[in-house]
Each structure stands twice: as structure tokens, then as C-alpha cells.
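Chain identifiers are assigned alphabetically (A, B, ...) following the order of the sequence lines, protein sequences preceding nucleic acid strands; residue numbering begins at 1 within each chain.
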Amino acid sequence: MPNYYDLSAESSVCDSEDDAFSNESDDDGTASAEGLASDHRCILHVDVDCFYCQCEVQDRQIPKDKPFAIGQKHIIVTSNYAARAMGVKKLQSRTAAYEACPQLLIIEGSDLERYRIHARKIYQVFRAACKRVHPEIAVRRGSMDEMMADLSVAISIDGDDRVDYSNDNVYIYGANGRESIALTEDQTGVCSKIVQEFQVRSLGPSEWSCSERLQRASHIALQIRREILQSTGFTTTMGVSVNPLLAKIASGLKKPATVNVLFPWRSQSLLASMPLRMIPGVGRTTVKALQHCLEKNAVSSQPNFWTCQDLLSVPKQDIVSCLEQVPLFKHSCEVQADIILQKCIGVDHSQIQDDEGGAPKALSVENSFRRGTLVRKDVLCAELEELYRRLSRLLHERREWSHSSRLAYPTTIKLTLRTVDEKLASKKRRPFVTRSKQSSFDGLAFMQLRDSAQQVAFLKRAALPLLHAFELKSDVIDITRASIATTGFQDLSARPKDSPTYFTQPCQSNMSTFIEQTEHGKSRSPRDALNGASTKMSIHEQASMFHNNKIDPSILSQLPPDVISELRQVKPKKRQRIDDYFKRL
DNA sequence: TGGGGTCCT
DNA sequence: AGGACCC
């Protein structure tokens with residue numbers, strides 16, 4: 001049973017800007033409201049409504065109104081709206097789900113292949129639709145059921161298209177009038193409901209133009225949504241706002257099959273009352289670390305219902321010291337604190353990087369086992385056989401994403417095992433240790449194999465040495481998860497568009513000519529310099545290496561002056577922020 | 001709690 | 001190689 005809280009009781013805390021944002025640590029003194037007003041982007045976030053369920057409705061003609069769920073192992077991972085209405089939850093045990101809904105139909109969903117195929121189609125339709133609106137719109141795939149686009153380039157300054165929302169499911173948050181907003185349940189099971197009567201007031205000039213732009217963006221969103229529905233049969237929910245954070249939050253405000261426009265001036269009160277955990281990028285570990293300082297400062301909410309508002313009322317130094325306890329944030333806790341605080345007031349400067357087609361950067365297959373059921377090595381080897389088969393299929397499937405399919409092969413393979421650590425068994429609820437081993441992988445040779453038995457054998461020859469490297473001599477290995485991953489796809493190592501031309505046209509490049517020469521002479525190639533191997537590097541490998549700034553300084557100094565200066569002109573990639581989650585999309 | 005993914009250190 | 005985060 002969900003916990004509800006009502007923000008109307010607390011709405012007064014949102015009204016006083018001084019009080020609410022006294023904590024704002026903005027470096028250049030920009031006020032929070034300024035931060036919001038200065039973001040002139042129009043970002044679109046798309047969520048496919050209960051994606052797996054829609055797949056099953058299409059693939060197996062399941063009646064939509066019959067409650068059903070998707071099961072994996074002993075849990076259900078998602079369910080349709082009819083089942084949710086009966087109290088079926090995400091990541092619930094099958095037993096609990098049946099208790100909530102005895103007539104529930106559970107469909108086995110451990111094999112993701114059909115879902116991946118639907119997802120690819122949806123993304124490709126979405127991408128094409130965006131590019132047709134304007135070729136320079138940056139488009140990015142998030143997960144199988146999430147996508148984002150930066151529509152800013154398509155919104156003209158003085159455009160005058162009248163927007164007609166008749167019959168369309170469009171919700172505008174921050175416009176005058178009455179609103180009823182239900183936030184969807186988050187991963188912790190916290191469910192919040194916000195009912196708020198919004199004050200009627202008129203918009204200032206800058207708000208007015210923002211409002212115009214976002215409404216035009218929502219008009220584009222509607223067209224794209226219709227296109228997705230017509231071409232794929234899937235319904236989607238969209239969020240439109242001024243940055244990726246707010247666009248994503250917007251798409252969660254009302255589901256399914258809607259377009260949600262969130263004006264930035266409305267986002268502050270919305271976020272203030274939202275549980276901290278619902279902020280994208282603020283996960284379990286972070287909230288746990290922050291709990292100390294929230295308690296210490298005795299903020300208003302009940303424990304476990306910390307809101308953004310609560311965090312904003314904590315002195316920043318306290319937040320920083322809390323974050324020091326997260327190992328990953330150890331050396332960047334000040335930056336992390338700023339990033340989280342910014343998010344709490346709806347500010348997010350992250351950019352949407354176009355993914356140039358969306359081909360996955362890593363492919364992995366995994367299988368999990370109940371504790372104590374996989375304790376012998378030979379059984380593990382047998383289980384790995386199935387993973388080889390699945391990985392083989394995945395690798396061939398991925399060629400459908402690639403714009404250059406002969407480069408659609410990986411160069412690295414990794415075996416990961418999760419075991420039970422007896423030392424942790426008494427202390428933690430999930431006393432697991434995850435370890436991995438990786439090596440290079442001749443994906444090109446693999447992809448050229450025609451026979452599936454040979455493909456499996458090839459993967460096995462690559463994976464068994466990794467298994468051996470674990471040195472599992474003890475008989476008490478208690479494996480709870482095994483996975484095999486491939487990465488380093490060659491069709492992704494190609495340079496961004498603004499790179500020097502010789503990266504895109506290797507044959508005519510100064511660089512490749514130079515490397516040819518040094519290789520024929522006594523000088524060594526970069527690859528040789530880096531790891532002492534004598535294998536010749538392909539031009540794509542070279543491009544990848546230089547692009548990643550991994551070139552050995554001694555090699556760099558040997559390059560011709562014009563090449564060096566051109567390399568220097570390539571701007572070093574701005575360091576990505578840890579919670580810059582939309583770059584991951 | 002599953003079967004995937006992304007990015008950062 | 002490992003960890004935090006996402007769906």
C-alpha cells in the first residue's frame with residue numbers, strides 16, 4: 001500500500017523564494033529564478049507506456065483490459081494498467097502479485113529479443129521523425145523505452161503557428177488554473193500525490209516567450225507522437241520543458257498517452273515537494289549518505305520521505321561531508337553537492353548529444369541464480385553455454401543498428417561473476433561480491449563465422465580463459481549471477497563531426513600517411529609504443545585512439561607540426577558530470 | 001528482485 | 001576492474 005502525502009499542507013514553504021533557496025550555491029551569484037529563465041531550450045522526453053506490456057499485446061493479442069504482467073524468474077518486472085489498478089507492483093514477487101490480483105496472467109519475459117526489436121523500430125521511427133522536423137535536432141536513445149531530443153533548433157523566434165490541442169491529451173503545468181498531478185510510483189515504492197490549486201497570475205515578458213516556445217515544442221511533440229503510433233502501434237507519453245531534467249520529470253506527471261508541458265516557473269514548487277529519490281541521478285547510495293545530514297538538521301518530513309525542499313534547507317557543507325562517504329564521490333563531493341542542489345531547483349545544464357543512430361555501446365547477456373544453487377564449476381560452464389548462444393544472437397542483431405555493418409563488431413569481451421561473500425552474509429541483506437575479467441576479442445573473425453555452432457565455440461574459446469583467470473579453486477563458489485559482455489565496437493570509434501578531416505578520410509590524411517611512413521621506417525606505430533605488440537593498427541583503431549586522447553606523448557611529439565597543431569584545435573571533451581544522466585541517454 | 005544498459009573513477 | 005545509476 002502506497003504512502004501518500006499531500007503537499008498542499010506544505011505549500012507555504014514554496015512561496016517564499018528567499019527561504020526556499022537560501023542554500024543555492026550558485027557560483028556566479030545567479031539566482032535560481034535567473035537560472036531557470038536563462039535556459040532557452042526546448043527538450044522533449046519520450047517514454048513508451050508500459051513497454052513490455054504493449055509488446056505482448058501486439059505479439060500475442062493479449063486483451064488490453066485483462067490484467068497481466070511480465071515475469072522474469074520469480075518476480076514480475078512490470079504490469080499493464082489493469083493489473084496496476086489491482087495493486088500489482090513493479091519488482092514484486094509472483095506470490096505477492098497473485099495475492100493482489102488472483103486472476104493475473106503472467107507472461108514469461110526473460111528473453112528480451114522481441115522487446116529489443118520493437119524498441120529498435122520505435123527509436124528509428126522517432127529519430128527519423130525528429131530529423132524530418134529539423135535535421136539538426138539532437139536525438140538520443142535512453143533505454144529500450146526512453147528517448148530524448150533537443151527541439152530548440154526547430155523553434156523559430158518569431159514563428160506564429162497557432163497550436164490546436166483539441167482532442168489531444170495535453171497537460172500544461174504552470175499555466176493558470178487548476179491542476180491535479182499524480183506522481184508515479186518510484187523504485188522505492190514511494191508513491192506521492194500532489195493536488196494543488198495554482199495561483200492565478202499573469203506571466204512576465206520572458207515567461208511569456210518561454211511559454212510560447214514550449215507550446216510550439218509541444219505541437220511538434222504531438223506530431224511525433226502520432227507518427228510513432230501510426231508507424232509502430234505504440235503509445236507514448238511525452239514531457240516537454242526547458243532542460244533534460246524537467247522534460248523527464250514532465251513525462252512522468254500524467255500517464256499514459258499524454259503530452260506534458262512543464263513551465264520552469266512551475267517546476268520549483270513541483271520539485272520542492274518531490275522525494276529526493278525521484279530526482280534522476282540521485283540513487284539509493286546517495287540518499288543513504290544524505291540521510292545523516294538531513295536527520296541532523298531535523299527537517300520537516302518524516303524519515304524516508306526526504307524531499308528536495310528538505311535538502312535545500314540543509315547547510316551545503318553538511319551535504320558535502322555526507323557525500324564524502326560515498327566512495328565514488330570522495331574526490332568530487334563539492335561538485336556533486338552542487339549538481340544535486342541545482343537539480344532540486346530544476347536547473348540542469350546537461351546537453352543532449354546526438355547518438356548518431358543509437359547503436360548500443362555494449363552488449364551483454366546474463367543469468368542469475370538463487371543462492372546456493374550454482375556451486376560447481378562444471379555446472380557454471382554448462383550455464384555459460386546458454387550465454388554464448390544468446391550473445392551470438394545479440395551480436396548479429398546489433399548489425400541492424402549499424403550504419404557500417406562491416407564494422408559492427410566488438411573488440412573486447414568480459415566475464416562477470418557475482419558470488420556470495422560469507423563475510424558479508426551476516427551484515428548485509430545482499431552480501432554479494434561482483435568480479436570481472438576482460439580481454440581483447442577478435443570480433444571481426446567472430447562475425448564472419450556462418451555456422452552458429454562455430455560461433456558458440458568461438459565465444460567459448462574467448463570466455464574460458466577468463467573463467468580460468470578467476471582461479472575458482474574452492475568448491476564453495478556460490479555464484480548468483482554470471483554475465484558475458486562485449487564492448488569496443490568499431491562502428492562507434494569513429495570521430496565526432498568536428499574532428500579533423502583526416503579522421504573521416506583516412507586514406508588522404510596527413511596522419512595516416514605519416515604513420516605509414518614511420519611504420520616502414522624504423523619508428524614504431526602508436527600501438528607498438530603503447531603495448532609493445534607488433535600487430536598493425538587499422539586506421540579505425542588509430543582514429544579511436546587519437547580521439548580518446550590516449551596517444552602516447554612520445555608519439556605525439558614525433559608527429560609533423562601541422563598535425564600537432566590540428567590535434568590541439570580539437571577541443572578536449574568537457575568533463576562529464578557524474579549525474580549528467582541525459583548524456584547517457 | 002531481473003536482464004539488461006550508461007557513465008565515471 | 002569496480003561502482004553508482006537508469007529502466
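Relative to the six-membered ring of F489(A), R398(A) meets both conditions, a distance below 6.0 Å and an angle of at most 45° to the axis. For R84(A) and Y81(A), the positive end sits near the middle of the six-membered ring, less than 6.0 Å away and at most 45° from its axis.
In this structure, L328(A) atom CG and dA1(C) atom C1' are separated by 13 Å, rounded to whole Å. R371(A) places its CZ atom 8 Å from the P atom of dT1(B), with the value rounded to the nearest Å. Between I117(A) atom CD1 and dG4(B) atom C1' there is a gap of 15 Å when expressed in whole angstrom units. In this entry the distance linking CD1 of I279(A) with P of dC7(C) reads 12 Å, nearest Å. Rounded to an integer number of Å, the gap from CE of M144(A) to C1' of dG3(B) is 8 Å. Residue I76(A) contributes atom CD1, which lies 15 Å from atom P of dT1(B) at whole-angstrom precision. Atom CD1 of I249(A) is separated from atom P of dC7(C) by 11 Å (rounded to the nearest Å). In this structure, R370(A) atom CZ and dG3(B) atom P are separated by 12 Å, rounded to whole Å.
Summarising the geometry, atom OG1 belonging to T232(A) is positioned 6.5 Å from atom CD belonging to Q58(A); distances are rounded to the nearest 0.5 Å.
Closest to the N367(A) side chain, of the nucleotides dA1(C), dC7(C), dG3(B), is dG3(B). Residue D145(A) has its side chain nearest to dC7(C) when only dC7(C), dA1(C), dC7(B) are considered. When the nucleotides dA1(C), dG4(B), dT1(B) are ranked by their closest atom to the side chain of L91(A), dT1(B) comes out on top. Closest to the side chain of S143(A), out of dT6(B), dG3(B), dC7(C), is dC7(C). Here the nucleotide nearest the side chain of T285(A), chosen from dA4(C), dC7(C), dG4(B), is dA4(C). The listed nucleotides are dA1(C), dA4(C), dC6(C); the one nearest the side chain of Q438(A) is dA1(C). Of all nucleotides listed (dG2(B), dG2(C), dA4(C)), dA4(C) comes nearest to the side chain of T286(A). Residue L112(A) has its side chain nearest to dG4(B) when only dG2(C), dC7(B), dG4(B) are considered. Picking from dG2(C), dT6(B), dG5(B) the nucleotide with the shortest atom distance to the side chain of K361(A) gives dT6(B).
Within the 6.0 Å centre-distance limit, the rings of F441(A) and F458(A) are counted as a close aromatic pair.
Contact between the side-chain N/O atoms of T434(A) and the OP1/OP2 oxygens of dG2(C) is not found at any separation under 4.0 Å. For R116(A) and dC7(C), the shortest distance from a side-chain N or O to OP1 or OP2 is not below 4.0 Å. One finds a side-chain N or O of R435(A) lying less than 4.0 angstrom from the OP1 or OP2 phosphate oxygen of dG2(C). The side chain of K248(A) places an N or O atom within less than 4.0 Å of a non-bridging phosphate oxygen (OP1 or OP2) of dC7(C). An OP1 or OP2 oxygen of dC6(C) is reached within less than 4.0 angstrom by a side-chain nitrogen or oxygen of R277(A). At dG2(B), none of the side-chain N or O atoms of R481(A) fall inside 4.0 Å of OP1 or OP2 (strictly under the cut-off). In this model, the phosphate group of dT1(B) is not approached by any side-chain N or O of K73(A) to a distance below 4.0 Å at OP1 or OP2.
The residue S110(A) sits close only to the backbone: its heavy atoms come under 4.0 Å of sugar-phosphate atoms, none of a base. Residue contacts shown for K437(A) are limited to sugar-phosphate atoms, with no base heavy atom under 4.0 Å away. Residue L387(A) is out of contact with every strand shown, counting any heavy-atom pair closer than 4.0 Å. Across all strands, H74(A) comes closer than 4.0 Å only to sugar-phosphate atoms, never to a base (heavy-atom distances). S93(A) comes within 4.0 angstrom of no nucleic acid atom, judged by non-hydrogen atoms across all strands.
Side chains of S321(A) and D318(A): a donor-acceptor N/O pair is absent below 3.5 angstrom, by distance only. S110(A) and E108(A) share a side-chain donor-acceptor pair at under 3.5 Å. In this model, no donor atom of one side chain and acceptor atom of the other lie less than 3.5 Å apart for N243(A) and K343(A).
Nearest-nucleotide positions on DNA chain B place R430(A) closer to the 5' end than the other of P360(A) and R430(A). Residue order along DNA chain B, read from the 5' end via each residue's closest nucleotide, puts I75(A) first among R390(A) and I75(A).
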